[in-house]
Amino acid sequence: MVENTEKPLNFIEEIINDHLKSGRFGQRVHTRFPPEPNGYLHIGHAKSIVLNFNLAKKYGGLCNLRFDDTNPSKEEEEYVHSIRDDIHWLGFDWEDREYYASDYFEQLYEWAVKLIKDGHAYVCDLSPEETRAYRGTLSEPGKNSPFRDRSVEENLNLFERMKQGEFPDGSRVLKAKIDMSHPNFNMRDPVMYRILHAHHHRTGTDWCIYPMYDFTHGQSDSIEKITQSICTLEFENHRPLYDWFCEKLDIHHPQQIEFARLNLTYMVMSKRKFLVLVNEGHVSGWDDPRMPTISGLRRRGYTPESIRNFCEYIGVAKNNSVVDVTILENHVREHLNATADRVMAVLNPIKVVIENFPEGKVEDLTAINNPEDESAGTRILPFTREIYIDSNDFMEEPVKKYFRLAPGREVRLRYGYIIKCEDVIKDAQGEVVELRCSYDPDTLGKQPTDRKVKGVIHWVSAQHALGGEVRLYDRLFSVEHPDKVEDGQDFRANLNPDSLEVIEHAKLEPSLEKVSTGDRFQFERVGYFSVDPDSTENKPVFNRIASLRDTWARITRNS
RNA sequence: UGCCGGGUGGUGUAAUGGUAACACAAAGGUCUCUGGAUCCUUCGUUGGGGGUUCGAAUCCUCCCCCGGCAACCA
């Protein structure tokens, strides 16, 4: 048993400890992550992946990967690959324990035959519509199917012929014979097998009958000798059926445990809605950096470590909750603050000419790569007469508390000198196009004694600047709960029209000459960025992973 | 309406009968050659009533509210 005195146990760990104490599964802990290969994994799946793999690790057990592929019409090989990639990327390994529910089709079939022989299952000829009608409603019990009392021989014969492909799709099903008046719908003679003349991604056309989730999942767990079968809350009502099959089949009986799935503010979290976003072009694809898919987060620049930390941090419980997305954002910031090299990039450049700095002179300034990590070292920044600074670091008529550049005012160039704005040059439209400044040669690496200069701004030497594209991503939705809409609307009404701003011509410091996809940096005073796969030899593309906390923005917002 | 599961600060998670904790958010302050980071302060008597107890977020009871379930999906 694991006693962790430092961190309180979550309710699942308490259950496991009980199992360990009672010896229900010996001293084993064996979990599994069971995705259906019909879509891409998202951050909600990450919660489950982290939970299952961490639990196995913590208790010295194992965690399997099992594809729950019982519906040939929805599942594809492509998803199998992306799911494998995503789990590996998150940092987990299932070694050789990659299983498929379809591996168990033969065994499942035999078990179905056993249940028929034991009088626990029957072939039913009711149509889907009739089955629904017979099931009853919330307040009325269901009615027994007229086919419920077929003989074992007839059931065996019909089920065999279903398997042989003698009947068309939808014409018959195999049902468990339980109780049509059971208060739990799942126990009102649930369907075990349906006829589906479809090509399966692994078994091809071997089968034309396919087991339903309820007749597959628990048995698959059982075959794999799973101990705790962890799933989300919506399967709570299925547990009695899960238990029923294990009991009637008299096979290893894992404990199903349900927890609340992850929801995030400013996001939707369902395959169906993702599909709408992709198909209607609200995002560029499943890996759009604004998507909460694992592939989207990866492309955005999130680190696997930050996602794992987030999943561990939010905990696991049974009450439905919506986690503030700032917690996710905070976890990347925390990780990247410690690990990402700092760099200077000017997103909205405005040229500054330092009039008293010699033309043609290049002065090497030394910059610290990461103040949080001394081993990251330093780098050289070329400083010249003409530089770029960000346009929002200049204000012609500075408001109160603004302490960056303004006419007649001074500001510190990061790792460089203090400059003073002497003149403002505008174009015909009155737009500021250039600033003429002077610099104080006696301020490199030291504070002037006669005055206090508070502002520090980033800059890039005009002559040395690299061009690049910067994609400023923001939340996909503009409200905390995108699904809360007026009648007649849906979540699309809450899409944030400004979730992507593209900066075509940013000015980057020369150290960014050689970057590769996935590299992450902090653009000083701006945010964390990663190199997007769209980058080319001549033009790097950076995605904003997260902005830096911006106290100034908060001040201006509140006033 | 039947069944199942939940209600602890704005949010998430703790406290397992013994002074309601931690983090994020928010607000204020400190510090700073990143308005970053750091550091400090403020912000809840636990859905409601009643009961048991010296003592209740924890136990009992009634009520209220929220979520899930009536696919031949998973």
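A quick note: this is a predicted structure, and the numbers were derived from the prediction, not measured. Reminder, nothing fancy here: chain letters follow the sequence lines and each chain counts from 1.
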Inset, instruction - Please step through salt bridge (charged side-chain N to carboxylate O under 4.0 Å, His left out) for the pair Asp550(A) and Arg525(A), ending with a clear verdict. - result: CA-CA 8 Å; Asp550(A) 191 345; Arg525(A) 304 209 308 132; over 6 Å; no
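- Using a 4.0 Å heavy-atom criterion, one finds that Ile314(A) contacts the sugar-phosphate atoms exclusively.
- For the C1' atom pair drawn from rU52(B) and rC62(B), the interatomic distance equals 15 Å after rounding to whole Å.
- A cation-pi contact, defined as under 6.0 Å to the ring centre and within 45° of the axis, is absent between Arg66(A) and Tyr99(A).
- Look at rG5(B): its Watson-Crick or wobble partner, with both distances under 3.5 angstrom, is rC66(B).
- Look at the P atom in both rU58(B) and rU19(B): the space between them is 14 Å, to the nearest Å.
- Counting non-hydrogen atoms under 4.0 angstrom, Asn337(A) reaches a base of the nucleic acid.
- Straight-line distance between the C1' atoms of rA21(B) and rU16(B): roughly 15 Å, to the nearest whole Å.
- Applying the 90° criterion around 0 to the glycosidic angle, rA71(B) comes out syn.
- Closest approach to the Arg525(A) side chain among rC72(B), rU34(B), rU16(B) is made by rU34(B) (side chain taken as heavy atoms from C-beta onward).
- Within 4.0 Å (heavy atoms only), Leu126(A) reaches at least one base atom of the nucleic acid.
- Of the possible polar contacts, none joining the Asn330(A) side chain to the Thr326(A) backbone as a donor-acceptor pair under 3.5 Å is found.
- Side-chain atoms of Asn10(A) lie closest to rA14(B) of the nucleotides rA14(B), rU13(B), rG36(B).
- Nucleic acid contact class of Pro34(A) (heavy atoms, under 4.0 Å, all strands): none.
- Looking at Gln522(A), its side chain comes within 3.5 Å of the base of rU34(B) through a donor and an acceptor atom.
- rC59(B) and rC66(B): their C1' atoms are spaced 24 Å apart (whole Å).
- Contact check, Arg261(A) against rG5(B): no side-chain N or O comes under 4.0 Å of OP1 or OP2.
- When both pairing distances are held under 3.5 Å, rU34(B) makes no Watson-Crick or G-U pair with any nucleotide shown.
- Contact annotation for Phe11(A): no contact, since no heavy-atom pair falls under 4.0 Å across all strands.
- Residue-level contact check: Val191(A) touches the backbone only, with heavy atoms under 4.0 Å from sugar-phosphate atoms and none from bases.
- Among rA74(B), rC72(B), rC33(B), the nucleotide with an atom closest to any side-chain atom of Thr70(A) is rA74(B).
- Counting non-hydrogen atoms under 4.0 angstrom, Arg239(A) reaches nothing in the nucleic acid.
- Nearest to the side-chain atoms of Glu524(A) among the listed nucleotides rU34(B), rA74(B), rG12(B) stands rU34(B).
- Within the 4.0 angstrom heavy-atom criterion, no nucleotide atom of any strand lies near His182(A).
- The distance between atom NZ of Lys271(A) and atom C1' of rA71(B), rounded to the nearest whole Å, is 15 Å.
- Annotation: rG48(B) and rU53(B) have their P atoms spaced 23 Å apart (nearest Å).
- Judged by distance alone, with hydrogens and angles left aside, the side-chain atoms of Arg135(A) form no donor-acceptor pair with the main-chain N or O of Pro190(A) at under 3.5 Å.
- Residue contacts for Asp68(A): at a heavy-atom cut-off of 4.0 Å it reaches the sugar-phosphate backbone alone, with no base atom in range.
- Across all strands shown, rU53(B) remains unpaired; no Watson-Crick or G-U wobble contact has both distances below 3.5 Å.
- The closest donor-acceptor contact from the side chain of Asp393(A) to the backbone of Ile457(A) lies at 3.5 Å or more, if one exists at all.
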Inset, instruction - Check the pair His200(A), Trp207(A) against side chain to side chain contact (heavy atoms under 4.5 Å, CB included), reporting the backbone distance first and the verdict last. - result: CA-CA 8 Å; His200(A) 186 277; Trp207(A) 297 86; over 6 Å; no
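- Under the 3.5 Å distance criterion, with hydrogens and angles disregarded, no donor-acceptor pair is assigned to the side chains of His42(A) and Thr293(A).
- Of the candidate nucleotides rU1(B), rU13(B), rC3(B), rU1(B) has the atom lying nearest to any side-chain atom of Leu138(A).
- Within 4.0 Å (heavy atoms only), Gly445(A) reaches at least one base atom of the nucleic acid.
- Within 4.0 Å (heavy atoms only), Met344(A) reaches no atom of the nucleic acid at all.
- Val453(A) comes within contact range of no nucleotide atom at all, as no heavy-atom separation falls under 4.0 Å.
- For Lys175(A) and Tyr122(A), the positive end is not near the middle of the six-membered ring at less than 6.0 Å and at most 45° from its axis.
- A stacked arrangement is not assigned to Tyr213(A) and the six-membered base ring of rA74(B), the conditions of a centre distance below 5.5 Å and an interplanar angle below 30° not being jointly met.
- Across all strands, Gly416(A) comes closer than 4.0 Å to base atoms (heavy-atom distances).
- Looking only at distances, no side-chain donor or acceptor of Tyr388(A) sits under 3.5 Å from a matching main-chain atom of Ala345(A).
- Taking side-chain N and O atoms only, Asn237(A) has no distance below 4.0 Å to OP1 or OP2 of rA70(B).
- Relative to the ring axis of Phe185(A), Arg188(A) places its NZ or CZ within 45° and under 6.0 Å from the centre.
- For rA71(B), one of the phosphate oxygens OP1 or OP2 lies less than 4.0 angstrom from a side-chain nitrogen or oxygen of Arg132(A).
- A cation-pi arrangement is absent between Lys318(A) and Phe259(A) under the rule of less than 6.0 angstrom and at most 45 degrees off the ring axis.
- Using N1 to N3 plus N6-O4 or O6-N4 for Watson-Crick, or N1-O2 and O6-N3 for G-U wobble, each under 3.5 Å, rG44(B) pairs with nothing.
- Under a 4.0 Å N-O distance rule, the pair Glu524(A)/Arg414(A) qualifies as a salt bridge.
- Among the heavy atoms of the strands lying under 4.0 Å from Glu372(A) is at least one base atom, whether or not backbone atoms are also near.
- A salt bridge links Asp221(A) with Arg32(A): the closest approach of a Lys/Arg side-chain nitrogen to an acidic carboxylate oxygen falls below 4.0 angstrom.
- On the C1' atoms, rU41(B) is 15 Å away from rC31(B), given to the nearest whole Å.
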Protein-nucleic acid N or O pairs under 3.5 Å, nucleotides 22-26 of chain B:
{"residue": "rA23(B)", "atom": "O2'", "partner": "Tyr313(A)", "partner atom": "OH", "Å": "2.5"}
{"residue": "rA23(B)", "atom": "N3", "partner": "Tyr313(A)", "partner atom": "OH", "Å": "3.1"}
{"residue": "rC24(B)", "atom": "O2'", "partner": "Thr326(A)", "partner atom": "OG1", "Å": "3.2"}
{"residue": "rA25(B)", "atom": "OP1", "partner": "Arg549(A)", "partner atom": "NE", "Å": "3.2"}
{"residue": "rA25(B)", "atom": "OP1", "partner": "Arg549(A)", "partner atom": "NH2", "Å": "2.9"}

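- Closest approach to the Glu14(A) side chain among rA15(B), rU34(B), rC73(B) is made by rA15(B) (side chain taken as heavy atoms from C-beta onward).
- Listed candidates were rU13(B), rA74(B), rG35(B). Nearest to the side chain of Thr551(A) is rG35(B).
- With both pairing distances under 3.5 Å, rU13(B) is matched to rA21(B) as a Watson-Crick or G-U wobble pair.
- Of all nucleotides listed (rG5(B), rC73(B), rA70(B)), rA70(B) comes nearest to the side chain of Phe185(A).
- rG6(B) and rU13(B) have their C1' atoms separated by 15 Å, with the value rounded to a whole Å.
- For Tyr242(A) and His238(A), the distance between ring centers is not under 6.0 angstrom.
- In this structure, the nucleotide among rC72(B), rA14(B), rC33(B) sitting nearest to the side chain of Arg412(A) is rC33(B).
- Picking from rC69(B), rA74(B), rA71(B) the nucleotide with the shortest atom distance to the side chain of Arg135(A) gives rA71(B).
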Look for any protein N or O under 3.5 Å of an N or O in nucleotides 30-32 of chain B and output each such pair with its distance, or none.
{"residue": "rU32(B)", "atom": "O4", "partner": "Lys454(A)", "partner atom": "NZ", "Å": "3.3"}

